[in-house]
Protein chains: 2
Amino acid sequence: MYSIGAMSKVTGVKVPTIRYYEDIGLLPEPGRNAGNQRRYDQAGMDALGFVKHARDLGFALEDIRALMGLDGQLGDDCAEADQIARTQLQNVRDRIAKLEQLATELERISHLCDGGNGGCCKVLTALGDHGQCVGEHGRADI
Amino acid sequence: MYSIGAMSKVTGVKVPTIRYYEDIGLLPEPGRNAGNQRRYDQAGMDALGFVKHARDLGFALEDIRALMGLDGQLGDDCAEADQIARTQLQNVRDRIAKLEQLATELERISHLCDGGNGGCCKVLTALGDHGQCVGEHGRADI
DNA sequence: TGTAGGTGCTCTAGTCACTAGAGGTTCAAG
DNA sequence: CTTGAACCTCTAGTGACTAGAGCACCTACA
(Lines give C-alpha, C1' and ligand atoms only; values in the text may rest on other atoms or scores of the structure.)
Protein backbone atom coordinates (compact mmCIF):
# COMPACT_ATOMS: atom_id res chain seq x y z
CA MET A 1 0.00 0.00 0.00
CA TYR A 2 1.32 3.40 -1.00
CA SER A 3 0.62 6.84 0.42
CA ILE A 4 -0.05 9.67 -2.03
CA GLY A 5 3.47 10.96 -1.42
CA ALA A 6 4.99 7.58 -2.29
CA MET A 7 2.91 7.47 -5.47
CA SER A 8 4.17 10.92 -6.31
CA LYS A 9 7.81 9.92 -5.81
CA VAL A 10 7.57 6.75 -7.85
CA THR A 11 5.65 8.20 -10.80
CA GLY A 12 6.92 11.78 -10.78
CA VAL A 13 3.37 13.17 -10.69
CA LYS A 14 2.92 15.91 -8.10
CA VAL A 15 0.64 15.27 -5.13
CA PRO A 16 -1.95 17.97 -5.94
CA THR A 17 -2.04 16.67 -9.51
CA ILE A 18 -2.87 13.17 -8.33
CA ARG A 19 -5.73 14.56 -6.25
CA TYR A 20 -6.84 16.61 -9.26
CA TYR A 21 -6.92 13.49 -11.45
CA GLU A 22 -9.08 11.81 -8.84
CA ASP A 23 -11.39 14.86 -8.62
CA ILE A 24 -12.11 14.79 -12.32
CA GLY A 25 -12.69 11.05 -12.25
CA LEU A 26 -9.63 10.09 -14.26
CA LEU A 27 -8.31 7.94 -11.44
CA PRO A 28 -10.61 5.79 -9.28
CA GLU A 29 -10.99 6.80 -5.64
CA PRO A 30 -8.51 4.78 -3.60
CA GLY A 31 -9.20 3.35 -0.17
CA ARG A 32 -8.47 5.35 2.98
CA ASN A 33 -6.75 4.43 6.20
CA ALA A 34 -8.19 5.10 9.67
CA GLY A 35 -6.97 8.70 9.50
CA ASN A 36 -8.69 9.38 6.15
CA GLN A 37 -5.48 9.33 4.14
CA ARG A 38 -5.38 7.77 0.66
CA ARG A 39 -3.83 4.32 0.35
CA TYR A 40 -3.10 2.97 -3.12
CA ASP A 41 -2.52 -0.58 -4.34
CA GLN A 42 -0.55 -1.71 -7.39
CA ALA A 43 -3.54 -1.19 -9.70
CA GLY A 44 -3.72 2.44 -8.55
CA MET A 45 -0.02 2.84 -9.22
CA ASP A 46 -0.36 1.34 -12.70
CA ALA A 47 -3.28 3.61 -13.54
CA LEU A 48 -1.31 6.68 -12.52
CA GLY A 49 1.70 5.46 -14.51
CA PHE A 50 -0.50 5.11 -17.56
CA VAL A 51 -1.84 8.64 -17.20
CA LYS A 52 1.65 10.03 -16.66
CA HIS A 53 3.10 8.34 -19.71
CA ALA A 54 0.20 9.38 -21.92
CA ARG A 55 0.43 12.99 -20.66
CA ASP A 56 4.16 12.96 -21.42
CA LEU A 57 3.26 11.92 -24.94
CA GLY A 58 0.99 14.94 -25.22
CA PHE A 59 -2.40 13.23 -25.00
CA ALA A 60 -5.20 15.39 -23.61
CA LEU A 61 -6.84 14.19 -20.39
CA GLU A 62 -10.04 13.45 -22.30
CA ASP A 63 -8.11 11.24 -24.72
CA ILE A 64 -6.57 9.46 -21.78
CA ARG A 65 -9.99 8.99 -20.26
CA ALA A 66 -11.13 7.40 -23.52
CA LEU A 67 -8.06 5.16 -23.68
CA MET A 68 -8.58 3.98 -20.10
CA GLY A 69 -12.22 3.27 -20.85
CA LEU A 70 -11.14 1.01 -23.70
CA ASP A 71 -8.72 -1.04 -21.69
CA GLY A 72 -10.13 -4.35 -20.64
CA GLN A 73 -13.02 -4.30 -23.09
CA LEU A 74 -13.11 -6.98 -25.70
CA GLY A 75 -13.53 -6.36 -29.39
CA ASP A 76 -12.57 -3.22 -31.21
CA ASP A 77 -10.61 -1.50 -28.47
CA CYS A 78 -7.40 -1.90 -30.39
CA ALA A 79 -8.72 -0.11 -33.45
CA GLU A 80 -10.01 2.74 -31.30
CA ALA A 81 -6.82 3.06 -29.28
CA ASP A 82 -4.78 2.99 -32.45
CA GLN A 83 -6.98 5.71 -33.91
CA ILE A 84 -6.46 7.95 -30.89
CA ALA A 85 -2.70 7.41 -31.05
CA ARG A 86 -2.57 8.16 -34.78
CA THR A 87 -4.60 11.33 -34.35
CA GLN A 88 -2.19 12.40 -31.65
CA LEU A 89 0.75 11.67 -33.95
CA GLN A 90 -0.81 13.82 -36.65
CA ASN A 91 -1.33 16.65 -34.14
CA VAL A 92 2.30 16.48 -33.17
CA ARG A 93 3.45 16.52 -36.79
CA ASP A 94 1.21 19.50 -37.56
CA ARG A 95 2.61 21.39 -34.60
CA ILE A 96 6.16 20.66 -35.70
CA ALA A 97 5.41 22.03 -39.16
CA LYS A 98 3.88 25.21 -37.71
CA LEU A 99 6.77 25.72 -35.35
CA GLU A 100 9.32 25.31 -38.12
CA GLN A 101 7.71 28.10 -40.11
CA LEU A 102 7.78 30.21 -36.99
CA ALA A 103 11.43 29.51 -36.33
CA THR A 104 12.28 30.62 -39.85
CA GLU A 105 10.40 33.86 -39.38
CA LEU A 106 11.94 34.54 -35.97
CA GLU A 107 15.41 33.91 -37.36
CA ARG A 108 14.77 36.43 -40.10
CA ILE A 109 13.57 38.98 -37.58
CA SER A 110 16.49 38.41 -35.24
CA HIS A 111 19.04 38.81 -38.02
CA LEU A 112 17.67 42.26 -38.77
CA CYS A 113 19.29 43.52 -35.66
CA ASP A 114 22.68 41.99 -34.99
CA GLY A 115 24.17 45.16 -33.66
CA GLY A 116 22.27 48.09 -32.22
CA ASN A 117 20.88 50.90 -34.26
CA GLY A 118 19.62 53.25 -31.59
CA GLY A 119 16.02 54.35 -31.50
CA CYS A 120 14.57 52.77 -34.61
CA CYS A 121 14.45 49.06 -33.93
CA LYS A 122 13.93 46.85 -36.94
CA VAL A 123 12.79 43.98 -34.75
CA LEU A 124 9.88 46.06 -33.52
CA THR A 125 9.11 47.22 -37.04
CA ALA A 126 9.14 43.67 -38.35
CA LEU A 127 6.82 42.56 -35.58
CA GLY A 128 4.43 45.34 -36.41
CA ASP A 129 4.30 44.57 -40.10
CA HIS A 130 3.21 41.16 -41.24
CA GLY A 131 3.68 42.28 -44.85
CA GLN A 132 7.44 41.96 -44.35
CA CYS A 133 7.15 38.26 -43.63
CA VAL A 134 8.76 35.98 -46.17
CA GLY A 135 6.41 33.01 -45.94
CA GLU A 136 2.83 32.79 -44.81
CA HIS A 137 2.68 31.90 -41.14
CA GLY A 138 -0.62 31.31 -39.42
CA ARG A 139 -1.24 31.28 -35.73
CA ALA A 140 1.13 29.16 -33.70
CA ASP A 141 -1.30 27.08 -31.70
CA ILE A 142 1.46 25.92 -29.52
CA MET B 1 -12.52 55.90 -37.11
CA TYR B 2 -13.20 52.21 -36.77
CA SER B 3 -15.76 50.32 -34.72
CA ILE B 4 -14.58 47.28 -32.80
CA GLY B 5 -16.21 45.06 -35.41
CA ALA B 6 -14.29 46.78 -38.21
CA MET B 7 -11.04 46.33 -36.24
CA SER B 8 -11.88 42.68 -35.87
CA LYS B 9 -12.49 42.23 -39.59
CA VAL B 10 -9.32 44.01 -40.66
CA THR B 11 -6.94 42.34 -38.19
CA GLY B 12 -8.59 38.95 -37.78
CA VAL B 13 -8.70 39.33 -34.00
CA LYS B 14 -12.08 38.42 -32.51
CA VAL B 15 -14.15 41.14 -30.87
CA PRO B 16 -14.13 39.66 -27.33
CA THR B 17 -10.36 39.21 -27.65
CA ILE B 18 -9.88 42.88 -28.47
CA ARG B 19 -11.89 43.81 -25.37
CA TYR B 20 -9.84 41.31 -23.39
CA TYR B 21 -6.59 42.93 -24.56
CA GLU B 22 -7.95 46.27 -23.46
CA ASP B 23 -9.03 44.84 -20.07
CA ILE B 24 -5.55 43.61 -19.27
CA GLY B 25 -4.01 46.89 -20.37
CA LEU B 26 -2.26 45.56 -23.45
CA LEU B 27 -4.13 47.97 -25.70
CA PRO B 28 -4.87 51.56 -24.66
CA GLU B 29 -8.49 52.47 -24.04
CA PRO B 30 -9.90 53.98 -27.21
CA GLY B 31 -12.31 56.89 -27.37
CA ARG B 32 -16.07 56.34 -27.31
CA ASN B 33 -18.86 57.78 -29.38
CA ALA B 34 -22.02 59.34 -27.93
CA GLY B 35 -23.53 55.88 -27.44
CA ASN B 36 -20.52 54.57 -25.46
CA GLN B 37 -19.20 52.44 -28.30
CA ARG B 38 -15.44 52.15 -28.92
CA ARG B 39 -14.01 54.12 -31.81
CA TYR B 40 -10.43 53.43 -32.91
CA ASP B 41 -7.98 55.51 -34.92
CA GLN B 42 -5.06 54.33 -37.05
CA ALA B 43 -2.74 54.13 -34.03
CA GLY B 44 -5.20 51.77 -32.35
CA MET B 45 -5.32 49.65 -35.47
CA ASP B 46 -1.52 49.51 -35.67
CA ALA B 47 -1.23 48.50 -32.03
CA LEU B 48 -3.70 45.66 -32.50
CA GLY B 49 -1.86 44.56 -35.65
CA PHE B 50 1.38 44.44 -33.68
CA VAL B 51 -0.19 42.29 -30.97
CA LYS B 52 -1.76 39.97 -33.53
CA HIS B 53 1.46 39.44 -35.42
CA ALA B 54 3.47 38.84 -32.26
CA ARG B 55 0.85 36.37 -30.96
CA ASP B 56 0.98 34.55 -34.29
CA LEU B 57 4.71 34.24 -33.76
CA GLY B 58 4.05 32.62 -30.40
CA PHE B 59 5.06 35.47 -28.10
CA ALA B 60 3.34 35.49 -24.71
CA LEU B 61 1.17 38.48 -23.91
CA GLU B 62 3.66 39.57 -21.26
CA ASP B 63 6.46 39.51 -23.83
CA ILE B 64 4.30 41.58 -26.12
CA ARG B 65 3.64 44.02 -23.32
CA ALA B 66 7.40 44.36 -22.84
CA LEU B 67 8.00 44.83 -26.56
CA MET B 68 5.33 47.53 -26.76
CA GLY B 69 6.84 49.29 -23.78
CA LEU B 70 10.17 49.43 -25.57
CA ASP B 71 8.84 50.97 -28.74
CA GLY B 72 9.45 54.67 -28.96
CA GLN B 73 12.06 54.75 -26.22
CA LEU B 74 15.54 55.83 -27.14
CA GLY B 75 18.66 53.89 -26.33
CA ASP B 76 18.90 50.19 -25.77
CA ASP B 77 15.43 49.18 -26.89
CA CYS B 78 16.84 47.37 -29.87
CA ALA B 79 19.05 45.15 -27.74
CA GLU B 80 16.13 44.31 -25.46
CA ALA B 81 13.72 43.62 -28.29
CA ASP B 82 16.30 41.48 -29.99
CA GLN B 83 16.83 39.56 -26.77
CA ILE B 84 13.11 38.85 -26.41
CA ALA B 85 12.94 37.66 -30.03
CA ARG B 86 15.97 35.41 -29.63
CA THR B 87 14.57 33.87 -26.44
CA GLN B 88 11.37 33.18 -28.28
CA LEU B 89 13.32 31.57 -31.12
CA GLN B 90 15.08 29.33 -28.63
CA ASN B 91 11.73 28.36 -27.09
CA VAL B 92 10.40 27.42 -30.48
CA ARG B 93 13.49 25.34 -31.29
CA ASP B 94 13.26 23.54 -27.94
CA ARG B 95 9.62 22.74 -28.54
CA ILE B 96 10.40 21.38 -31.99
CA ALA B 97 13.06 19.08 -30.53
CA LYS B 98 10.66 17.79 -27.86
CA LEU B 99 7.90 17.22 -30.36
CA GLU B 100 10.21 15.32 -32.69
CA GLN B 101 11.07 12.86 -29.92
CA LEU B 102 7.37 12.50 -29.24
CA ALA B 103 6.54 11.85 -32.87
CA THR B 104 9.16 9.10 -32.96
CA GLU B 105 7.65 7.46 -29.90
CA LEU B 106 4.10 7.77 -31.18
CA GLU B 107 5.11 6.25 -34.50
CA ARG B 108 6.62 3.31 -32.70
CA ILE B 109 3.46 2.83 -30.65
CA SER B 110 1.17 3.12 -33.66
CA HIS B 111 3.17 0.56 -35.63
CA LEU B 112 2.61 -1.97 -32.88
CA CYS B 113 -0.94 -2.31 -33.96
CA ASP B 114 -1.39 -2.15 -37.71
CA GLY B 115 -4.10 -4.75 -37.75
CA GLY B 116 -6.33 -5.69 -34.87
CA ASN B 117 -5.42 -8.24 -32.28
CA GLY B 118 -8.63 -8.46 -30.32
CA GLY B 119 -8.69 -7.90 -26.62
CA CYS B 120 -5.02 -7.39 -25.81
CA CYS B 121 -4.08 -4.06 -27.31
CA LYS B 122 -0.38 -3.37 -27.63
CA VAL B 123 -1.02 0.36 -27.96
CA LEU B 124 -2.55 0.40 -24.51
CA THR B 125 0.26 -1.73 -23.14
CA ALA B 126 2.89 0.55 -24.63
CA LEU B 127 1.19 3.59 -23.16
CA GLY B 128 1.14 1.96 -19.78
CA ASP B 129 4.79 1.04 -19.81
CA HIS B 130 7.38 3.73 -20.22
CA GLY B 131 10.10 1.09 -19.97
CA GLN B 132 9.24 0.03 -23.52
CA CYS B 133 10.16 3.44 -24.88
CA VAL B 134 13.14 3.50 -27.17
CA GLY B 135 14.51 6.93 -26.38
CA GLU B 136 14.09 9.05 -23.32
CA HIS B 137 11.18 11.43 -23.75
CA GLY B 138 10.33 13.95 -21.08
CA ARG B 139 7.11 15.82 -20.73
CA ALA B 140 5.85 17.43 -23.89
CA ASP B 141 5.31 20.97 -22.70
CA ILE B 142 3.40 21.79 -25.77
C1' DT C 1 -40.86 58.53 -38.44
C1' DG C 2 -41.07 53.69 -37.26
C1' DT C 3 -39.02 49.35 -37.03
C1' DA C 4 -36.12 45.34 -37.61
C1' DG C 5 -31.97 43.20 -37.10
C1' DG C 6 -27.28 43.61 -36.69
C1' DT C 7 -23.86 45.38 -33.79
C1' DG C 8 -22.31 47.00 -29.50
C1' DC C 9 -22.14 47.20 -24.23
C1' DT C 10 -21.00 45.02 -19.38
C1' DC C 11 -20.69 41.24 -16.46
C1' DT C 12 -20.17 36.53 -15.09
C1' DA C 13 -18.61 32.06 -15.71
C1' DG C 14 -16.33 28.37 -18.27
C1' DT C 15 -12.23 26.18 -20.72
C1' DC C 16 -7.57 23.14 -19.82
C1' DA C 17 -4.36 21.25 -16.77
C1' DC C 18 -2.84 22.23 -13.28
C1' DT C 19 -0.62 25.28 -9.06
C1' DA C 20 -0.67 27.87 -4.66
C1' DG C 21 -2.22 28.88 -0.28
C1' DA C 22 -4.93 28.70 4.09
C1' DG C 23 -5.94 26.32 7.96
C1' DG C 24 -6.43 22.21 9.97
C1' DT C 25 -5.34 16.78 11.06
C1' DT C 26 -2.52 12.64 11.15
C1' DC C 27 1.63 9.94 10.92
C1' DA C 28 6.28 8.35 12.02
C1' DA C 29 10.74 8.92 14.09
C1' DG C 30 13.36 9.97 18.08
C1' DC D 1 5.44 12.49 24.21
C1' DT D 2 6.91 15.72 21.09
C1' DT D 3 8.17 17.50 16.74
C1' DG D 4 7.99 18.14 12.04
C1' DA D 5 6.84 16.13 7.80
C1' DA D 6 3.13 14.58 5.30
C1' DC D 7 -1.62 14.57 4.72
C1' DC D 8 -6.57 16.51 4.45
C1' DT D 9 -10.27 19.84 2.24
C1' DC D 10 -11.44 24.00 0.19
C1' DT D 11 -10.92 28.14 -2.46
C1' DA D 12 -8.77 30.84 -5.80
C1' DG D 13 -5.35 31.80 -9.34
C1' DT D 14 -2.76 30.93 -13.89
C1' DG D 15 -2.86 32.13 -19.48
C1' DA D 16 -5.38 33.36 -23.23
C1' DC D 17 -9.13 33.40 -24.36
C1' DT D 18 -14.52 31.84 -25.27
C1' DA D 19 -19.57 31.68 -24.34
C1' DG D 20 -23.70 33.43 -22.79
C1' DA D 21 -27.15 36.57 -20.57
C1' DG D 22 -29.51 40.60 -20.82
C1' DC D 23 -29.48 44.80 -22.22
C1' DA D 24 -28.51 49.48 -25.39
C1' DC D 25 -27.53 51.45 -29.71
C1' DC D 26 -27.01 52.23 -34.76
C1' DT D 27 -28.19 51.91 -39.55
C1' DA D 28 -30.96 50.94 -43.51
C1' DC D 29 -35.19 50.64 -45.46
C1' DA D 30 -40.31 51.52 -45.87
Side-chain angles (χ1 to χ4, degrees), chain A residues 1-27 29-40 44 48 50-68 88 91 95 98 102 138-142, chain B residues 1-27 29-40 44 48 50-68 88 91 95 98 102 138-142:
Chain A
M1 286 302 208
Y2 310 94
S3 70
I4 197 168
M7 291 274 284
S8 175
K9 244 175 222 153
V10 173
T11 60
V13 180
K14 288 183 191 157
V15 168
T17 305
I18 299 173
R19 286 198 275 251
Y20 169 73
Y21 288 161
E22 184 188 322
D23 273 1
I24 62 169
L26 198 62
L27 295 177
E29 291 186 26
R32 304 277 180 142
N33 71 356
N36 197 35
Q37 300 192 350
R38 291 166 179 83
R39 289 296 175 263
Y40 296 90
L48 182 55
F50 183 95
V51 173
K52 171 71 159 74
H53 193 201
R55 283 295 297 136
D56 284 350
L57 289 167
F59 287 87
L61 291 183
E62 285 315 303
D63 285 339
I64 298 173
R65 198 193 293 275
L67 286 166
M68 294 177 93
Q88 177 60 16
N91 283 346
R95 274 196 294 240
K98 270 275 165 89
L102 245 60
R139 167 68 75 100
D141 291 319
I142 332 187
Chain B
M1 286 300 208
Y2 309 96
S3 70
I4 197 168
M7 292 274 284
S8 174
K9 246 175 221 153
V10 173
T11 61
V13 179
K14 289 185 190 152
V15 167
T17 305
I18 299 173
R19 287 198 275 251
Y20 169 73
Y21 288 161
E22 184 188 322
D23 273 0
I24 62 168
L26 197 63
L27 294 177
E29 292 186 27
R32 304 276 180 142
N33 72 355
N36 197 35
Q37 300 192 349
R38 291 167 180 82
R39 288 296 176 263
Y40 297 89
L48 181 56
F50 183 95
V51 173
K52 171 71 160 72
H53 193 201
R55 282 296 296 136
D56 283 350
L57 289 167
F59 288 86
L61 293 183
E62 284 316 301
D63 285 340
I64 298 173
R65 199 193 293 277
L67 286 166
M68 293 179 93
Q88 177 60 16
N91 284 347
R95 274 197 293 241
K98 270 277 164 90
L102 244 60
R139 167 67 77 99
D141 290 319
I142 333 188

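In this text the structure is predicted, and so the values were computed from the model without any measurement. Reminder, nothing fancy here: chain letters follow the sequence lines and each chain counts from 1.
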Inset, instruction - Round to the nearest Å and state the distance from B/Met1 atom CE to D/dC26 atom C1'. - result: 17 Å
Legend entry - Out of C/dC9, D/dT9, D/dT18, whichever nucleotide has its closest atom nearest the side chain of B/Arg38: C/dC9
Inset, instruction - Check the distance between D/dA16's P and B/Arg65's CZ and give it to me in whole angstrom. - result: 10 Å
Could you go over nucleotides 13-15 of chain C and give all protein N or O partners under 3.5 Å, atom names and distances?
none

Inset, instruction - State whether B/Ser3 places a side-chain N or O below 4.0 Å from either non-bridging phosphate oxygen (OP1 or OP2) of C/dG8. - result: yes
Inset, instruction - May I ask you to decide whether B/Glu62 forms a salt bridge with B/Arg65, counting only side-chain N to carboxylate O separations under 4.0 Å? - result: yes
Inset, instruction - Find the distance B/Tyr2:OH to C/dG8:C1' and express it as a whole number of Å. - result: 19 Å
Inset, instruction - Kindly give the heavy-atom pair with the smallest separation between A/Ile4 and A/Arg38, and that separation in Å. - result: CD1-CD, 4.0 Å
Inset, instruction - Just call it for A/Ile24: base, sugar-phosphate, or nothing, with non-hydrogen atoms closer than 4.0 Å on any strand. - result: nothing
Legend entry - Nearest heavy-atom neighbours spanning A/Val13 and A/Ser8: O-OG, 2.7 Å
Legend entry - Nearest non-hydrogen partners of B/Glu22 and B/Pro30, listed with the distance: OE1-CD, 3.5 Å
Inset, instruction - Please tell me which of the listed nucleotides, D/dT18, D/dT9, C/dT10, lies nearest to the side chain of B/Arg32? - result: C/dT10
Legend entry - Sole candidate of B/Asp63, B/Thr17, B/Leu61 that passes side chain to side chain contact (heavy atoms under 4.5 Å, CB included) when paired with B/Arg55: B/Leu61
Inset, instruction - Look up atom OG1 in A/Thr11 and atom OH in A/Tyr40, then write down how far apart they are to the nearest 0.5 Å. - result: 10.0 Å
Legend entry - A/Ile4 side-chain proximity, nearest of D/dC8, C/dT10, C/dT19: D/dC8
Inset, instruction - Identify whether any heavy atom of B/Arg19 sits under 4.0 Å from a base atom; if not, whether one sits that close to sugar-phosphate; answer base, sugar-phosphate or nothing. - result: base
Inset, instruction - Figure out the CD1/P separation between A/Ile18 and D/dC7, and round it to whole Å. - result: 9 Å
Inset, instruction - Starting from P on C/dA17, measure out to CG on A/Leu27 and report it in whole angstrom. - result: 14 Å
Legend entry - Minimal non-hydrogen separation, A/Gln88 against A/Leu57, with atom names: NE2-O, 3.3 Å
Legend entry - Rounded distance (Å) that lies between atom C1' of D/dT14 and atom OH of B/Tyr20: 10 Å
Legend entry - Bend angle of the helix from C/dT1-D/dA30 to C/dG30-D/dC1, end axes from five pairs each (to 10°): 10°
Inset, instruction - Please report the shortest heavy-atom distance between A/Gly58 and B/Leu102, naming the atom on each side. - result: N-CD2, 4.3 Å
Legend entry - Salt-bridge present (B/Asp56, B/Lys52; N to O < 4.0 Å): yes
Inset, instruction - Calculate the interatomic distance between A/Glu22 atom CD and C/dC18 atom P; express it in whole Å. - result: 15 Å
Legend entry - B/Tyr21 vs D/dC17: side-chain N/O to OP1/OP2 distance below 4.0 Å: yes
Inset, instruction - For C/dT19, take OP1 and OP2 only and decide whether either is under 4.0 Å from a side-chain N or O of A/Lys14. - result: yes
Legend entry - Distance, nearest 0.5 Å, that separates CD1 of A/Ile18 from CG of A/Leu26: 12.0 Å
Legend entry - Sequence-aligned protein contact record of nucleotides 25-30 of chain C, with B where the base is within under 4.0 Å of a protein heavy atom and S where only the sugar-phosphate is: -SS---
Inset, instruction - Please state how far atom NZ in A/Lys52 lies from atom C1' in C/dA17, giving the value in whole angstrom units. - result: 14 Å
Inset, instruction - Write down the atom of B/Leu27, the atom of B/Val51, and the distance for their closest heavy-atom approach. - result: CD2-CG2, 4.0 Å
Legend entry - Side chains of B/Phe50 and B/Ile64 in contact at under 4.5 Å (non-hydrogen atoms): yes
Inset, instruction - Report yes if a side-chain nitrogen or oxygen of A/Thr17 is closer than 4.0 Å to either non-bridging phosphate oxygen (OP1 or OP2) of C/dT19; otherwise report no. - result: yes
